[in-house]
4 protein chains.
Amino acid sequence: MGSRERRQREKEQRRSQILDTARKLLFKKGIDATSMNQIAKNAELSVGTLYLYFKNKESLFAALQEEGLTLLCDTIKEESTKGLTPREKLERVALAYMDFSEEYRKYFDIINYFLTSPEIVFPPSLKSRVDEHVNRILSVVEDILKKGISKDADDRDIRRLAVVFCSSLHGMLQFKKLQNTVLQGEDFRDLYLSSFDCIVRSVLCE
Amino acid sequence: MGSRERRQREKEQRRSQILDTARKLLFKKGIDATSMNQIAKNAELSVGTLYLYFKNKESLFAALQEEGLTLLCDTIKEESTKGLTPREKLERVALAYMDFSEEYRKYFDIINYFLTSPEIVFPPSLKSRVDEHVNRILSVVEDILKKGISKDADDRDIRRLAVVFCSSLHGMLQFKKLQNTVLQGEDFRDLYLSSFDCIVRSVLCE
Amino acid sequence: MGSRERRQREKEQRRSQILDTARKLLFKKGIDATSMNQIAKNAELSVGTLYLYFKNKESLFAALQEEGLTLLCDTIKEESTKGLTPREKLERVALAYMDFSEEYRKYFDIINYFLTSPEIVFPPSLKSRVDEHVNRILSVVEDILKKGISKDADDRDIRRLAVVFCSSLHGMLQFKKLQNTVLQGEDFRDLYLSSFDCIVRSVLCE
Amino acid sequence: MGSRERRQREKEQRRSQILDTARKLLFKKGIDATSMNQIAKNAELSVGTLYLYFKNKESLFAALQEEGLTLLCDTIKEESTKGLTPREKLERVALAYMDFSEEYRKYFDIINYFLTSPEIVFPPSLKSRVDEHVNRILSVVEDILKKGISKDADDRDIRRLAVVFCSSLHGMLQFKKLQNTVLQGEDFRDLYLSSFDCIVRSVLCE
DNA sequence: CATGAATGAGGGTTCATTCAT
DNA sequence: CATGAATGAACCCTCATTCAT
């Protein structure tokens with residue numbers, strides 16, 4: 001009576017337990033320096049158990065990446081509804097993106113890590129899942145743009161603008177890594193928003 | 001006499017020999033799948049010799065990264081002189097950047113790899129060398145901007161604009177990885193140039 | 001009532017179910033590459049259940065070996081009755097033996113595997129069961145010989161001849177493994193029968 | 001000054017050291033129960049060193065098998081020269097074969113193990129090396145037969161007879177495993193020689 | 001300077017077996 | 001009876017690095 005449910009719950013707990021430990025280690029030491037044996041030891045589980053829940057090391061980390069991407073997608077979608085005008089909405093998206101990269105810095109790092117690393121290292125299946133999430137994010141931006149730009153822009157144009165918008169912000173956030181050296185003395189948020197202004201000015205017909 | 005010079009020449013030849021082999025393997029198999037023993041064997045040298053010329057594996061690959069960055073810097077600097085107007089010069093820079101990411105794809109990958117990965121994985125000394133190169137590139141852009149924008153913009157403003165310019169392009173190139181999936185059907189060069197237009201329109205007072 | 005019988009029947013069904021799956025996997029992938037977990041999954045049973053029906057992996061495969069030996073014994077016995085003269089009977093036996101090694105190639109392999117491997121690997125109990133079956137086969141041959149050779153041969157002589165007969169055939173079949181290399185271009189059946197002739201000529205007084 | 005030679009000698013010593021340890025363990029525990037780590041520990045070497053001398057576990061054991069086969073070949077060849085008549089020569093071969101299977105029992109076991117085991121387990125390259133040795137042995141027998149049988153027998157016939165001769169003896173030796181059970185009370189040497197007689201009587205025209 | 005044999009901790013992964021439910 | 005999650009020792013193998021020559 002409910003014992004099956006309990007079992008199910010326990011199984012999900014274990015999964016979380018593993019992911020939590022893996023995440024912690026990943027954030028502390030990087031992907032290559034985190035071994036399955038370490039994860040097992042830290043999670044107070046046997047190695048075998050890890051392989052009961054994840055096919056291999058790669059899929060364990062892919063699960064972490066997806067966690068991050070899902071979180072990002074959801075946040076962006078939610079934030080976008082809060083703004084009134086298209087410009088406001090885009091600003092919300094931009095800031096949500098930055099906030100994510102700060103609050104969930106390590107998630108952002110790992111996402112970037114997977115996104116940037118040479119394809120040899122990661123299999124196609126992984127890439128495709130990333131793409132899916134990227135698509136979801138682009139869609140949100142496109143929906144906003146549709147209402148903010150001239151009516152004769154076709155879907156193609158809109159997608160392009162969405163890509164320009166997102167990639168610029170992404171590039172900016174990438175450069176944040178340099179704020180203690182190259183960008184010393186700058187307030188990054190200001191910089192980021194001026195970048196946002198710069199793009200929006202060209203993208204939206206205001 | 002002259003034997004010291006010969007010795008010196010031979011030493012540099014060895015160094016190149018090692019770097020050439022390492023580069024070839026890196027480009028073919030990725031950073032993790034390239035071992036010191038493999039490099040030694042392919043370079044027809046002993047493992048010990050590798051350690052005579054490079055402190056460890058990491059610094060060997062850092063040397064390759066520097067190669068890439070130097071190449072990038074030089075190309076950008078040279079291209080920038082070819083344009084006549086500031087706009088033209090910036091376009092040259094932008095295209096040089098993209099060309100580099102295509103022609104020296106693997107260099108770009110490895111640069112990005114080092115740039116993006118969590119700082120823990122790589123020692124500060126490495127990051128600082130990257131920063132130095134980024135500064136050199138930004139300087140080039142700043143010099144162009146100085147002549148293209150209103151005289152009352154101060155150094156700070158110029159630097160900010162340079163950062164916005166570069167980071168946007170970089171973000172765009174990052175997204176290139178997605179061209180076979182998310183950006184299917186788009187001509188990437190067009191996309192890239194429209195991104196360029198978008199930024200330049202706001203940055204330069206034309 | 002009858003429910004006990006049903007239970008019994010179900011138990012035997014389970015056992016067969018397990019053996020069937022194990023046999024299929026064994027024949028497909030070999031003994032080492034077949035794990036208990038795999039058998040369980042393929043049989044749509046839990047691992048635990050496997051251990052309810054077989055003490056361990058080894059005894060599961062020993063059961064398969066016995067299956068094979070039983071099949072071989074029965075076939076030989078049956079065939080031996082079909083011939084009219086002792087010579088004919090022996091030929092039947094010889095051919096049945098070869099046919100078995102072809103049709104039930106994998107059974108033959110596994111029997112041989114157990115027979116040939118150093119004793120340390122397999123416990124005595126297993127060996128003794130094999131011996132029992134070998135005895136049964138020898139008996140069949142002895143019975144035939146008793147009628148084909150001079151009356152003054154005693155049991156000892158008969159057994160010896162039976163052993164010579166069987167072991168020669170067995171050795172021949174062992175060499176069949178080499179037919180694609182060492183014996184290239186030979187028709188194995190011919191070879192086998194010429195070996196049979198050779199022995200029978202000496203064994204029987206015709 | 002001879003230092004290179006000494007190095008070479010040391011290398012071969014190491015190789016022997018490894019093979020000796022591996023052989024000892026193999027003979028004691030069987031192939032599957034002998035791990036590379038165990039060999040390393042027993043040989044007082046590091047695991048890495050093992051892999052300096054042998055590509056992998058398999059090739060280490062293949063080397064042992066070849067040792068055995070080479071020994072067998074050489075012994076047979078040498079013995080065959082000692083006999084005067086063809087019959088005598090064949091007897092020498094047969095007895096050498098049996099002696100080998102006794103003295104180098106474990107070698108014989110491992111050879112048989114490789115010969116008999118299902119092909120899945122061992123790669124073709126291994127099998128082919130075994131075949132080569134088998135061929136060498138058959139050649140010796142053929143050369144003897146050529147002088148002992150009627151002149152109009154062609155090469156094909158001779159090879160067949162050689163195969164029958166060898167395989168019968170081999171089968172007999174296989175059955176030796178059963179001497180404590182099935183063949184209880186028999187003197188195996190007698191049995192073996194009666195098998196030899198049986199075959200030779202048919203093969204040679206005396 | 002150059003060599004390259006040696007190291008050995010550590011990598012990811014498998015698997016027969018147990019036992020609480 | 002049946003389950004199947006959990007175990008953890010053991011597997012084979014790699015590799016950056018050292019050091020005696």
Exercise. So which heavy atom on D:Phe61 is nearest to which on D:Ala22, and how close?
Worked result: CE2-O, 4.5 Å

For this session: State whether D:Gln38 places a side-chain N or O below 4.0 Å from either non-bridging phosphate oxygen (OP1 or OP2) of F:dC11.
Result: yes

Exercise. What is the distance, rounded to the nearest whole Å, between atom CG of A:Asn37 and atom C1' of F:dA9?
Worked result: 11 Å

Seminar exercise, completed: Testing E:dC1, E:dT17, E:dA5 for proximity to the side chain of C:Val47, the answer is E:dT17

Exercise. Separation of C:Lys29 atom NZ from E:dT14 atom C1', in whole Å?
Worked result: 12 Å

For this session: With DNA chain F as reference, determine whether D:Ser35 or B:Ala33 sits nearer its 5' end, using the nearest nucleotide of each.
Result: D:Ser35

Seminar exercise, completed: Whole-Å distance, C:Ile39 CD1 to F:dG4 P, equals 17 Å

For this session: Find which nucleotide of DNA chain E each of C:Lys57 and D:Lys11 is nearest to by heavy atoms, and output the residue with the more 5' nucleotide.
Result: D:Lys11

Problem set entry | Other residues, nucleotides, ligands: >12 heavy atoms within 6.0 Å of A:Tyr53 OH | yes

Seminar exercise, completed: Out of E:dT3, F:dT7, E:dA2, minimum distance to the side chain of B:Leu45 belongs to E:dT3

For this session: Give the dot-bracket string for DNA chain F, reading 5' to 3', where a pair is Watson-Crick or G-U wobble with both distances under 3.5 Å, ( ) marks pairs inside the strand, [ ] marks pairs crossing earlier ones, | marks a partner on another strand, and . marks unpaired.
Result: .||||||||||||||||||||

Exercise. CD1 of B:Ile18 versus C1' of E:dC1: gap in Å, rounded?
Worked result: 12 Å

For this session: Starting from P on E:dT3, measure out to NZ on B:Lys41 and report it in whole angstrom.
Result: 15 Å

Exercise. If we take the C1' atom in both E:dC1 and F:dT21, what is their distance in whole Å?
Worked result: 13 Å

Problem set entry | Short side-chain N/O contact from A:Ser46 to OP1 or OP2 of F:dA6, under 4.0 Å | no

Exercise. Mind checking whether D:Phe27 and D:Tyr107 have ring centres under 6.0 Å apart?
Worked result: yes

Exercise. How long is the line joining CZ of C:Arg6 and P of F:dC1, in whole Å?
Worked result: 11 Å

Exercise. Can you tell me how far P of F:dA5 sits from CD of A:Gln17, to the nearest Å?
Worked result: 15 Å

For this session: Looking only at non-hydrogen atoms, find the nearest pair between A:Ala43 and A:Gln17 and report the distance.
Result: O-NE2, 3.1 Å

For this session: Could you please name the option among F:dT17, F:dC15, E:dC1 that lies closest to any side-chain atom of B:Leu52?
Result: E:dC1

For this session: Return the value, rounded to whole Å, for the distance between atom CG of B:Leu50 and atom C1' of F:dA16.
Result: 11 Å

Exercise. Is the distance from OP1 or OP2 of F:dA20 to the nearest side-chain N or O of D:Arg7 less than 4.0 Å?
Worked result: no

Exercise. At their closest point, which heavy atom of A:Thr49 faces which heavy atom of A:Ile18, and how far apart are they?
Worked result: O-CD1, 4.4 Å

Exercise. Is the phosphate of F:dT3, meaning OP1 or OP2, less than 4.0 Å from a side-chain N or O of C:Thr49?
Worked result: yes

Exercise. Looking at the side chain of B:Met36, which of E:dT13, F:dC12, F:dT17 is the nearest nucleotide?
Worked result: F:dT17

Exercise. Start at the 5' end of DNA chain E and walk down; is the nucleotide closest to D:Gly48 or to A:Asn56 reached first?
Worked result: D:Gly48

For this session: Taking only the side-chain nitrogens and oxygens of C:Arg14, find out if one of them lies under 4.0 Å from OP1 or OP2 of F:dA2.
Result: yes

Exercise. The side chain of C:Tyr51 lies closest to which of these nucleotides: E:dA16, F:dA16, E:dA5?
Worked result: E:dA16

Exercise. Are more than 12 heavy atoms from other residues, nucleotides or ligands located less than 6.0 Å from atom CD of C:Glu10?
Worked result: yes

Exercise. Given C:Glu67, which of C:Thr70, C:Leu69, C:Leu64 fulfils the side chain to side chain contact (heavy atoms under 4.5 Å, CB included) condition?
Worked result: C:Leu64

Exercise. Does OP1 or OP2 of F:dA5 have a side-chain N or O of A:Tyr53 closer than 4.0 Å?
Worked result: no

Problem set entry | Test item: A:Leu60 and A:Met36 side chains (from C-beta on) under 4.5 Å apart, heavy atoms | yes

